[in-house]
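In what follows, a structure is listed as structure tokens, so that the remarks can point back to it.
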Amino acid sequence: MTIGVIGCGYVGIVTSVGLAHIGHTVVGVEAWPERLAALQNDQLPLYEPGLNDLFEGVRATGRLRFTHSIPEAMRECEVLFVCVGTPPRENGEPDLSQVEGVLREMGAGYPESAYRIIVNKSTVPVGSADYVRTWMEEELDSRPGDLDIPEFDVVSNPEFLREGSALQDTFYPDRIVIGSTSDRAFERMRRLYEPLLQRRFDPLPNLRPAPDPPQWIQTDPRSAELIKYAANAFLAMKISFINEMAGISERIGADIGQVAQGIGADHRIGKAFLQSGVGWGGSCFRKDIQALSHLAWEHNCETRLLEATLAVNERQRAKVVQWLQSELKLLKGKTLAVLGVAFKPETDDCRDAPALVVVDRLLDLGARVRAFDPQARFDTPSRSTFRRLPTALEALKGADAAVVMTEWSEIASLTPEAAKGVMRGDLILDARNCLDADTWRQHGFRVVAFGR
Ligand code: UGA
């Protein structure tokens, strides 16, 4: 099939490359000239493990090209994925202006009497499929002349990609959710995803085939839209839950790692997303929980679990600073090594990264910060006390304490012998529970970690 992908941000690029790899011809549409030029010159504007090689591979087949023109994609593609951003407004409600903008352009460029499927992949509020239909119809209706409105369908197809494991999640998803009211759209979408459902694509190095093919979940658009929000809210709630248990463990002398193992062995609970630490960050969880709370508020529903999920997560960040204060007393003039800045390993993304919130607070308290991250894209503020260093050991030089904020392998594999040679102090705050605390203690370090 020939497929259009409107918006070449993170989701759009991964979607385009994935669809091209499983055999489709893909037209990626990007409005931002620099990003478009980079993509046309075979340069990826983001870091994601394995994506570069795959991108080069599919570009070489000629099945993936990029343009700025929505009308061109409308002419050539039967299925068009909308992958533009939906940033939160101040009240937590997602801002749909980018979605509306591209929808209106798609309506204006709609080829006469063609059938098109508009697929919402951006995380959009429940009910957006109706908006999308309305915007499209308004545009089609306002075309000059007495043209009939062509037949089109709107589909909600939420994505469940994790940054850092996006290729694994693209090729071996647990489920594919399609929300629509049209049998024709269901049939076309099933055809589009058939290579994933049947596992008919060239296997990729470094990916682990999942034991079962993805579940095909066919539903109405509202349920599909809510599935996306509910999934992210549940995952965030699971992390906040284990972090609440970590707080209790600290007080009573239990070990949260063992507690997580013990509860995760129950298949009804599952062991994933029970890693305690400084909590979740990234562009999705907070935004989606706020959007869901806003929706619930509009409909007079109480959302106590959602509120508690957010509150526990905030508290974890504050706790890192409180621990440093209680161990080092005054932070003014102290040198602190912050190891890891991205919101999780294997990504360069720093949106809502716990590390940046903690660093800001430490700078306000007068500390000097030396940060290291192997990939993170972050601008160091003009405050001269915040330096980015090229290696973890460089960042540790002269530090009174080290704070592990992201469990990159180069950080988790640091040895106490190496750290001892360069640090001034002996305090390690492992905010991701990724170091072997006993070994570090045996080398004379004081180790503080969540739930231990
Ligand atoms: C999340 C979801 O996992 C995806 O399914 C979804 O598609 C995506 O949001 C989205 O809506 O776009 P992502 O934000 O990339 O994916 O990353 P996760 O792997 O879910 O991690 C989120 C945060 O939780 C990270 O800061 C991570 O360090 C933290 N985390 C994760 C924990 O603190 N403990 C855990 O046990 C797991």
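Counting convention: from 1, in listed order, for ligands and their atoms alike. Starting from 1, each residue takes its place in the sequence as its number.
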TODO: Could you tell me whether the side chain of S122 and the main chain of V82 form a donor-acceptor pair under 3.5 Å?
DONE: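 Checked: pair present.
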Under 4.0 Å from ligand 1, counting heavy atoms only, is it the side chain of [X], its backbone, both or neither?
{"X": "L274", "result": "backbone"}
{"X": "I239", "result": "side chain"}
{"X": "L235", "result": "side chain"}

TODO: Take atom OH of Y131 as the centre, draw a 6.0 Å sphere, and report whether it contains more than 12 heavy atoms from other residues, nucleotides or ligands.
DONE: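 No, the 6.0 Å shell around OH holds no more than 12 heavy atoms from other groups.
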Open item on the list: Surrounding CZ of R200 (heavy atoms of other residues, nucleotides or ligands, distance under 6.0 Å), is the total greater than 12?
Closed with: yes
Just go through [options] and tell me whose heavy atom is the nearest to [atom].
{"atom": "atom 20 (O) of ligand 1", "options": "F160, F273, F343", "result": "F273"}
{"atom": "atom 4 (C) of ligand 1", "options": "I242, L161, D352", "result": "L161"}
{"atom": "atom 35 (C) of ligand 1", "options": "K287, K271, Q275", "result": "Q275"}

How far is [atom] from its nearest protein heavy atom, and which residue and atom is that?
{"atom": "atom 28 (O) of ligand 1", "answer": "R432 NH1, 3.2 Å"}
{"atom": "atom 12 (O) of ligand 1", "answer": "C284 SG, 2.9 Å"}
{"atom": "atom 15 (O) of ligand 1", "answer": "E163 N, 2.7 Å"}
{"atom": "atom 3 (O) of ligand 1", "answer": "R162 CG, 3.3 Å"}
{"atom": "atom 2 (C) of ligand 1", "answer": "N232 OD1, 3.5 Å"}
{"atom": "atom 22 (C) of ligand 1", "answer": "F285 CE1, 3.7 Å"}

Contact with ligand 1 for [X], non-hydrogen, under 4.0 angstrom:
{"X": "E407", "result": "no"}
{"X": "G282", "result": "no"}
{"X": "G281", "result": "yes"}
{"X": "K228", "result": "yes"}

Would you call [X] and [Y] a salt bridge, taking side-chain N to carboxylate O under 4.0 Å as the test?
{"X": "K319", "Y": "E314", "result": "no"}
{"X": "R222", "Y": "D130", "result": "yes"}
{"X": "E407", "Y": "K344", "result": "no"}
{"X": "R317", "Y": "D352", "result": "yes"}
{"X": "E250", "Y": "R452", "result": "no"}

Task: Within 45° cone of F152 ring axis and under 6.0 Å: R133 NZ or CZ - done: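 Geometry flag: set, cation within 6.0 Å and 45°.
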Open item on the list: Just so I know, are the side chains of D255 and V259 near enough to count as touching, which here means a heavy-atom distance under 4.5 Å?
Closed with: no
Open item on the list: Any nitrogen or oxygen of W280, side chain or backbone, less than 3.5 Å from one on ligand 1?
Closed with: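 No, no N or O pair falls under 3.5 Å.
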Open item on the list: Taking distance alone, with N or O pairs closer than 3.5 Å, would you say K344 contacts ligand 1?
Closed with: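 Between K344 and ligand 1 (N or O atoms, distance only) the closest approach is under 3.5 Å.
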Task: Minimum heavy-atom distance between F171 and L196, given as atom pair plus value - done: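 Minimum heavy-atom contact is O-CD2, 3.8 Å.
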